[in-house]
Amino acid sequence: MSTTHTLQTPLNDEDILKLRAGDMVLLSGVIYSARDAAHKKIMEALDRGGKPPFPIEGAVIYYVGPTPAPPGRPIGSAGPTTSYRMDSYAPRLHALGLKATIGKGKRGEEVKQALREHKAVYLGATGGAGALLSQRIEACRVIAFEDLGPEAVRAMKVKDFPLLVVNDAFGGELYAKPRLDSAE
């Protein structure tokens, strides 16, 4: 039986440890956008002894490259991108205190191990619903790598952003659950 959790960023171990694969999360607070190119630049900064462009401890990264904002809105369509493209970066960020990532699709074994080891989760956002999801983003501003355009790192203030726990900190995985519609 799944549960709905209302969470506020930044997240902590207590928030994470009450989540189970299949639970719904309504997330509020500041989350950060980052895709492939931004992750590469963040890793380069870390390799030089620098820091990420936002406080990583308790943070949530949304794998999104939003479209331009229409008049009167803080952001355009903001649907999730495929998460496995960030799998090579995620374990290192989780080791630094990243508590959650948001995207679509499955994650690799190294990421799932990092979630268990560092008390973190992977949250799924509904693919194809970018225009609807953008209605839950109240404010948005570029905070790093503006030259990357849609892939720049943004701080986004969200309110009741609807998500599903795909991978929890205990090794649970929503995608591994049996299908209810399978033939007997």
Side-chain angles (χ1 to χ4, degrees), residues 5 7-21 23 25-66 78 80-125 137 139-158 161 163-174:
H5 303 272
L7 298 178
Q8 178 75 38
T9 64
L11 302 178
N12 58 44
D13 288 354
E14 184 179 319
D15 294 326
I16 298 303
L17 294 176
K18 63 184 171 185
L19 301 176
R20 298 293 184 274
D23 285 354
V25 172
L26 296 174
L27 185 65
S28 296
V30 176
I31 63 175
Y32 302 94
S33 70
R35 284 182 40 166
D36 317 52
H39 274 77
K40 184 177 182 202
K41 286 190 171 205
I42 290 168
M43 292 302 133
E44 290 168 352
L46 291 171
D47 289 344
R48 291 189 308 270
K51 295 181 179 180
F54 54 87
I56 197 81
E57 186 71 32
V60 177
I61 293 178
Y62 184 21
Y63 302 143
V64 62
T81 196
T82 305
S83 301
Y84 76 83
R85 296 193 333 249
M86 275 57 73
D87 277 7
S88 62
Y89 309 114
R92 185 173 183 188
L93 295 174
H94 286 302
L96 294 172
L98 180 68
K99 284 297 177 190
T101 56
I102 302 168
K104 67 179 181 180
K106 292 184 125 195
R107 302 309 297 265
E109 288 306 317
E110 285 184 37
V111 173
K112 292 186 242 184
Q113 175 60 37
L115 298 177
R116 291 187 296 271
E117 186 176 337
H118 303 292
K119 296 182 181 83
V121 294
Y122 169 53
L123 304 168
I137 301 172
C140 178
R141 67 182 171 85
V142 172
I143 61 169
F145 317 133
E146 189 169 0
D147 59 306
L148 296 178
E151 290 200 40
V153 175
R154 290 169 170 75
M156 299 180 292
K157 183 179 177 198
V158 298
F161 200 76
L163 303 161
L164 284 173
V165 178
V166 176
N167 295 101
D168 63 33
F170 304 97
E173 181 174 355
L174 177 65

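With rounding to the nearest 0.5 angstrom, the CG atom of Leu11 is 6.0 Å from the CG atom of Leu27.
Classification of Arg20 and Asp168 as a salt-bridged pair fails, no side-chain N sitting under 4.0 Å from a carboxylate O. A salt bridge links Asp47 to Arg92: at least one charged side-chain nitrogen sits closer than 4.0 Å to a carboxylate oxygen. Remark: Lys99 engages Asp13 in a salt bridge, criterion side-chain N to carboxylate O under 4.0 Å.
Residues passing the salt bridge (charged side-chain N to carboxylate O under 4.0 Å, His left out) test with Asp87 are Arg107, sequence neighbours excluded. In terms of the ring pair (Phe, Tyr, Trp, His ring centres under 6.0 Å) criterion, residue partners of Phe161 (sequence neighbours excluded) are, by chain and number, Tyr62. Under the salt bridge (charged side-chain N to carboxylate O under 4.0 Å, His left out) criterion, Lys41 pairs with Asp147, sequence neighbours left out. Remark: Phe145 pairs with no residue by the ring pair (Phe, Tyr, Trp, His ring centres under 6.0 Å) rule, at least two apart or across chains. The salt bridge (charged side-chain N to carboxylate O under 4.0 Å, His left out) check on Lys157 picks up Glu138, with sequence neighbours excluded. The ring pair (Phe, Tyr, Trp, His ring centres under 6.0 Å) search around His118 returns none, not counting sequence neighbours.
At least one side-chain heavy atom of Ile42 sits less than 4.5 Å from a side-chain heavy atom of Pro53. A heavy-atom distance below 4.5 Å is not found between the side chains of Asn12 and Lys119.
Looking at Thr81, its side chain never comes within 3.5 Å of a backbone N or O of Val64 through a donor-acceptor pair.
The two residues Val165 and Leu174 make their nearest non-hydrogen contact at O-CB, 3.7 Å.
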